[in-house]
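The structure presented is a predicted model; accordingly, all values stated were derived computationally and were not measured.
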Amino acid sequence: MGYKILMIDDDKELLKMLKSYFEIKHYTVLTAENGAEGLKMAESEPDIILLDVNMPQIDGIEVCRRIRDKVACPILFLTARVEEQDRVNGLLSGGDDYILKPFSLKELEARIAAHLKREERHRTKSRYRFQGELSIDYTAKSVQIGETFLELTKLEYAIVEFLSMNPGIVFDKERIYENVCGYDAEGDSRVITELIRRIRRKFGEHTETEYIETVWGMGYRWIK
């Protein structure tokens, strides 16, 4: 099939069992044991997400709410909860379906297949990154910290995109300039210093987290 499933659940034994079952069915299976890890793993562009509701720290409802605008794939909640309001909250947060624990593997497989078939014709993938409070939508070319979208110029966004898509790698000003302005562009690579200063200032108005690091004598890199 070639489909990729992301499973987010704090029940390690359940994850192990589901991973084994669906890999036999020729799915690629990614697993995360908590909401924070799940948010990060969502960057891998899964075809469908199975999401436990009741997890510590970041529960499934919050995970769904935070990724729904960036993730086009179906999200199925796995939950032992049966209250109507829980189902309502899950669907309002952007979930597509519920399956109650304990469940039949055959039923879960059928639900997954139905959602994948429904999405196959009209699904559009988007590239994105989640990192703490920060989310970057590379398709929409937008940067968001918490609930706030940052107002970045075209070149400021281009620098954020280039560095964030190559985390941990140090680039000198000339290389950054060539990548965001083009090899034939006329100008001075020293403008990169000022642009990065402006990016940091705009980020700093909404978070104390540093995302771009200066490596003295070498250049800049995106902090993983």
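Side chain of Asp59 to backbone of Met55: no donor-acceptor contact under 3.5 angstrom is found. No side-chain donor-acceptor contact under 3.5 Å links Lys173 to the backbone of Ile192. Although no hydrogens or angles enter the test, the distance criterion places a donor-acceptor pair under 3.5 Å between the side chain of Tyr128 and the main chain of Ala42. Arg68 places a side-chain N or O within 3.5 Å of a backbone atom of Val71 that can act as its donor or acceptor partner. Using modelled atom types, no side-chain atom of Lys19 and backbone atom of Met7 make a donor-acceptor pair closer than 3.5 Å. Judged purely by atom type and a 3.5 angstrom limit, Glu205 has no side-chain atom pairing as donor or acceptor with the backbone of Thr207.
Residues satisfying the ring-ring contact (aromatic ring centres under 6.0 Å, His included) test with Tyr211, not counting sequence neighbours, are Phe203, Trp222. Scored by the salt bridge (Lys or Arg N to Asp or Glu O under 4.0 Å) test, Arg66 finds no partners at all (sequence neighbours excluded). With sequence neighbours excluded, no residue forms a salt bridge (Lys or Arg N to Asp or Glu O under 4.0 Å) with Glu174. Remark: Ser104 pairs with Lys106, Glu107 by the side chain to side chain contact (heavy atoms under 4.5 Å, CB included) rule, at least two apart or across chains. By the salt bridge (Lys or Arg N to Asp or Glu O under 4.0 Å) test, Lys202 pairs with Glu156, sequence neighbours left out. Residues passing the ring-ring contact (aromatic ring centres under 6.0 Å, His included) test with Phe103, sequence neighbours excluded: none. Under the salt bridge (Lys or Arg N to Asp or Glu O under 4.0 Å) criterion, Glu37 pairs with no residue at all, not counting sequence neighbours.
Atom CZ of Arg129 and atom CG of Asp137 lie 13.0 Å apart (nearest 0.5 Å). To the nearest 0.5 angstrom, Glu62 atom CD is 10.5 Å from Ile67 atom CD1. In this structure, CZ on Arg111 lies 11.5 Å from CG on Leu50, to the nearest 0.5 angstrom. In this structure, CZ on Phe162 lies 8.0 Å from CD1 on Ile169, to the nearest 0.5 angstrom. For the atom pair NE2 (His206) and CG (Leu134), the distance works out to 11.5 Å, reported to the nearest 0.5 Å. Here Glu147 contributes atom CD and Ser135 contributes atom OG; the two are 9.0 Å apart, rounded to the nearest 0.5 Å.
Nearest heavy atom pair, residue Cys64 against residue Gly94, reads SG-C, 3.6 Å. Between Leu39 and Phe130, the closest heavy-atom pair is O-CD1, 3.3 Å.
A side-chain N or O of Glu109 and one of Tyr21 form a donor-acceptor pair less than 3.5 Å apart. For His115 and Asp96, the side-chain atoms include no donor-acceptor pair closer than 3.5 Å. A donor and an acceptor atom, one from each side chain of Ser164 and Tyr138, are located under 3.5 Å apart.
Counting only heavy atoms from C-beta outward, the side chains of Leu30 and Ile5 never approach each other to under 4.5 Å. Considering only heavy atoms from C-beta on, Leu105 comes within 4.5 Å of Met17 through its side chain. Within the 4.5 Å cutoff, side-chain heavy atoms of Ile49 are placed close to those of Ile8. Looking at Tyr220 and Ile159, their side chains never come closer than 4.5 Å, going by heavy atoms from C-beta outward. Val29 is listed as a side-chain neighbour of Thr31, based on a closest heavy-atom distance under 4.5 Å. A 4.5 Å side-chain heavy-atom check between Ser142 and Tyr157 finds every atom pair outside the cut-off. At a threshold of 4.5 Å between non-hydrogen side-chain atoms, the residues Ile223 and Ile212 do not count as touching. A heavy-atom distance below 4.5 Å is not found between the side chains of Leu6 and Asp47.
In this structure, Glu208 places its CD atom where only 12 or fewer heavy-atom neighbours from other residues, nucleotides or ligands lie under 6.0 Å away.
Other cluster members for Met218: Val170, Val215, joined by side-chain heavy-atom distances under 4.5 Å among Ile, Leu, Val, Met, Phe, Trp and Tyr.
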Step-by-step side chain to side chain contact (heavy atoms under 4.5 Å, CB included) determination, Ser93 to Phe77
CA-CA 11 Å; Ser93 71; Phe77 285 112; 3.8 Å; yes
Would you sort out whether Arg175 and Glu178 count as a salt bridge (charged side-chain N to carboxylate O under 4.0 Å, His left out), showing the intermediate values?
CA-CA 5 Å; Arg175 178 73 182 280; Glu178 290 173 353; 5.3 Å; no
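Note: the hydrophobic cluster containing Phe149 does not contain Ile136 (ILVMFWY, side chain heavy atoms under 4.5 Å, direct or indirect links).
Applying the salt bridge (charged side-chain N to carboxylate O under 4.0 Å, His left out) test to residues at least two apart or on different chains, the pairs with a partner in residues 157-167 are Lys141-Glu161. Sorted by first and then second residue, the pairs that involve residues 209-224 and meet salt bridge (charged side-chain N to carboxylate O under 4.0 Å, His left out), not counting sequence neighbours, are Glu213-Arg221. For the side chain to side chain donor-acceptor pair (under 3.5 Å) condition, the pairs that include at least one residue of residues 7-18, sequence neighbours left out, are Asp9-Lys101. For residues 28-67, no pair satisfies ring-ring contact (aromatic ring centres under 6.0 Å, His included), with sequence neighbours left out.
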